[in-house]
Amino acid sequence: MSKGPQRVRGTQDIFGEEADRFQRVVAAFDKVRRLYGFRRVETPVFEATEVFARSIGETSDIVSKEMYTFPDRGGDSLTLRPEFTAGLCRAYISEGWQQHAPVKLATHGPVFRYERPQKGRYRQFHQLDAEIIGSGEPLADVELLVLAHQLLQELGITEGVMLQLNTLGDAATRDAWRAALVAHFEAHRAELSEDSLVRLDKNPMRILDSKDPRDRPAADTAPAIDEFLTDEARTFFEKVTAGLDAAGVPWTRNARLVRGLDYYRHTAFEFVTDRLGAQGAVIAGGRYDGLIEALGGPPTPAVGWAAGIERLAMLIETVKNRPLIVSIIIEDEQDRGRAELIKARLRAGNIAVVEAFRGNAKKRVEWAKREKHDGIVFVRPEGHPLGAFHLQRLDEGAGEEHGRIRTAVFAALGEPMMLSSVKSE
RNA sequence: GCGAUCGUAGCUCAGUUGGUUAGAGCAUCGGUUUGUGGUACCGAGGGUCGGGGGUUCAAGUCCCCUCGAUCGCCCCA
């Protein structure tokens, strides 16, 4: 189409109402995380490649195919963060945050994955992230889930999103279950899809949630993890579910919800919607008690989740209750001084004021209407018999709104008679 | 990496079985009427029809390649 540089694939320029919704998600998260005592942290957008490679497993082809990795000038390999967790764990180790343990952390920002874009999926996208590092208590899992639930409530996402919950058990449980799964699928090798035959070697648990109908019979008859839960693991999961019930957070068990990497233990969960096509997970997380140790730190239990800001933003309504905004229109630049005074007073009164930079009065009126401003303040010439300005309200219907803009503008402009007089209704 | 659909002015789109100088609305710019409760009037600028190649007397319209978009598969830390 047009010449000049183009947006690179999988990136987005977020503008206008979409940007407002994006910001609303972030604001809600910031509000809620404070209510739970999560501390805001900022970590680098890139890390040594090793941080992510070790967190994901060096053998995984995620590392080679789906991360933005590049050498810096000194020859070190760096990687744009594909998630927050690994970087936060690195910081926990390298910055001595162990002294704060258990520490509750919240952050948000861009993350990067080299993937094919599709609905709700970008190469640079944005996440909210909450982690509790240094606590192995089921209470920590519960608190994160209640926090996530409240975030959705805060955003008005009350329908069409369900919390799916599972347990992966402790290390002993996981190993036993995995072995049983492999044995089961090996026995049904002939029935599996080509994709699942590959999964059998690389990531057998993923066969459980395969979308290929050919895999369903074998997947549906696969041994359930419950048969392998140790007493400790079972007790842990029961405490989590009991906590959710006590907090009034609805959930459903999804025994096929799995995590491929070995350091995941116990709780795994996703808040899932059917409103976003194939990318249905809006908040996902779990307990990763083995990760920090894998990164070279001390054995440290931890649990956390991440949420896609774009996906949440797609689920919320247009921002309502925006602050009042008025257009100011002057007819003659000679009135500039008075106009600036009025603008300053309105803004001091918490009323947003904008002024079209060009066009005659007619065009400016049309612009204000098009932009759906709440009103127009016409600045009158010096000595005008009807006063210094005239307020025209542009709001639709809503009688309450009518009064609101009038009251607010007159209050902000203070003693209107000092500016001259104000036209009454 | 794979598949399907799509790609015409800044934006949203029309463009008949391929046929003369490619259209509309909105936006932009200019002017008229004006002096104000979302649509007054007139006019103008703006497109090598994503890019390249091919078929044809003739291609926005057909074929191939390429790039991009959308949705899905794989993957999903």
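Lettering follows sequence order; numbering is per chain, from 1. Just so you know, these numbers come straight off a predicted model, no measurement behind them.
- Salt bridge A:Asp220/A:Arg256: present, at least one basic N to carboxylate O contact under 4.0 Å.
- Ring planes of A:Phe46 and A:Phe70: perpendicular class, angle over 60° (limits at 30 and 60°).
- A:Arg364 has its CZ atom 11 Å from the P atom of B:C29, to the nearest Å.
- Residue A:Gln118 places no side-chain N or O under 4.0 Å from the OP1 or OP2 atom of B:U70.
- The side chain of A:Arg259 has B:A77 as its nearest neighbour among B:U70, B:A77, B:G37.
- In this structure, CD of A:Glu270 is placed 13 Å from C1' of B:C75, rounded to the nearest angstrom.
- In this structure, the side chains of A:Gln164 and A:Arg253 stay at 4.5 Å or more apart for every pair of heavy atoms.
- The interatomic distance linking A:Glu194 (CD) with B:C75 (P) rounds to 12 Å, in whole Å.
- Taking every side-chain heavy atom of A:Lys211 into account, B:C74 is the closest of B:C74, B:A77, B:G37.
- An OP1 or OP2 oxygen of B:G72 is reached within less than 4.0 angstrom by no side-chain nitrogen or oxygen of A:Lys119.
- Two residues, A:Gly120 and A:Phe112, neighbour RNA chain B, and the one matched to the more 5' nucleotide by heavy-atom proximity is A:Gly120.
- You'll find that the side chain of A:Asn203 is closest to B:C76, out of B:A69, B:C76, B:A77.
- Nucleotides B:G23 and B:U48 are separated by 15 Å at their P atoms, to the nearest Å.
- Look at A:Arg259 and A:Glu270 and you find a salt bridge, because one of the NZ, NE, NH1 or NH2 atoms lies within 4.0 Å of a carboxylate O, short of that distance.
- Nucleotides B:G60 and B:C41 are separated by 35 Å at their P atoms, to the nearest Å.
- Here the separation of B:G45 from B:C63, taken at their C1' atoms, is 37 Å to the nearest Å.
- You'll find the side chain of A:Arg199 reaches within 4.5 Å of the side chain of A:Asp195, heavy atoms only.
- Ring geometry for A:Phe271 against A:Phe269 counts as perpendicular: the plane angle is over 60°, on a 0 to 90° scale with 30° as the lower cut.
- Inspection of the A:Thr300 and A:Glu293 side chains reveals no N or O donor paired with an N or O acceptor under 3.5 Å.
- Comparing A:Asp195 and A:Val258 along RNA chain B, the residue whose closest nucleotide (by nearest heavy atom) sits nearer the 5' end is A:Asp195.
- Comparing the same atom, P, in B:U34 and in B:A40 gives a spacing of 16 Å after rounding to whole Å.
- For RNA chain B, none of the residues of residues 84-92 of chain A falls under the heavy-atom distance limit of 4.0 Å.
- Heavy atoms of A:Tyr264 sit under 4.0 angstrom from primed sugar atoms or phosphate atoms, though from no base atom.
- Taking atom P on both nucleotides, B:G15 is separated from B:C62 by 13 Å, rounded to a whole Å.
- Residue A:Tyr263 has its side chain nearest to B:A77 when only B:C73, B:U70, B:A77 are considered.
- Under the 4.5 Å side-chain criterion, counting only non-hydrogen atoms from C-beta, A:Val377 is not in contact with A:Ile329.
- Rounded to whole Å, atom P of B:C71 lies 16 Å from atom CZ of A:Arg275.
- For RNA chain B, if you chain together Watson-Crick or G-U pairs that step i with j, i+1 with j-1 and so on, the runs of at least three with distances under 3.5 Å are B:1-7 with B:67-73, B:10-13 with B:23-26, B:28-32 with B:40-44, B:50-54 with B:62-66.
- Considering only side-chain atoms of A:Arg206, the nucleotide from B:A69, B:C76, B:U36 that sits closest is B:C76.
- Side chain of A:Arg116, nearest nucleotide from B:C73, B:A77, B:C74: B:C73.
- Under the 6.0 Å cut-off for aromatic ring centres, A:Phe22 and A:His126 qualify, their centroids lying closer than that.
- Taking atom C1' on both nucleotides, B:C65 is separated from B:G31 by 50 Å, rounded to a whole Å.
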Between the protein and nucleotides 33-35 of chain B, list the N/O to N/O atom pairs that are separated by less than 3.5 angstrom.
{"unit_1": "B:G35", "atom_1": "N1", "unit_2": "A:Glu331", "atom_2": "OE1", "d": "2.7"}
{"unit_1": "B:G35", "atom_1": "N2", "unit_2": "A:Glu331", "atom_2": "OE1", "d": "2.8"}
{"unit_1": "B:G35", "atom_1": "N2", "unit_2": "A:Glu331", "atom_2": "OE2", "d": "2.5"}

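- Residues A:Val282 and A:Ile157 have side chains not in contact (no heavy-atom distance under 4.5 Å, counting atoms from C-beta outward).
- In this structure, the nucleotide among B:A77, B:C74, B:U36 sitting nearest to the side chain of A:Glu83 is B:A77.
- Atom OH in A:Tyr122 sits roughly 22 Å away from atom P in B:C75 (whole-Å rounding).
- Taking atom P on both B:G47 and B:A22, the two are 12 Å apart, rounded to the nearest angstrom.
- Whole-Å rounding puts the A:Arg113 CZ to B:A77 P distance at 7 Å.
- For the atom pair CD of A:Glu47 and CD of A:Glu50, the computed distance is 11.0 Å after rounding to the nearest 0.5 Å.
- B:A4 sits 28 Å from B:G19 when the P atoms are compared, rounded to a whole Å.
- At whole-Å resolution of the value, CD in A:Glu17 and P in B:C11 are 19 Å apart.
- The distance from atom CG of A:Asp209 to atom P of B:C73 is 12 Å, rounded to the nearest whole Å.
- Relative orientation of the A:Trp367 and A:His373 rings is perpendicular, given thresholds of 30° and 60° on the angle between their planes.
- Ion pairing between A:Arg364 and A:Glu355 holds under the 4.0 Å rule for side-chain N and carboxylate O.
- A:Arg199 comes within contact range of the sugar-phosphate backbone alone, with a heavy-atom separation under 4.0 Å but no base atom that close.
- A salt bridge is absent between A:Arg121 and A:Glu310; no separation between the charged side-chain nitrogens and carboxylate oxygens falls under 4.0 Å.
- Contact check, A:Arg121 against B:G72: no side-chain N or O comes under 4.0 Å of OP1 or OP2.
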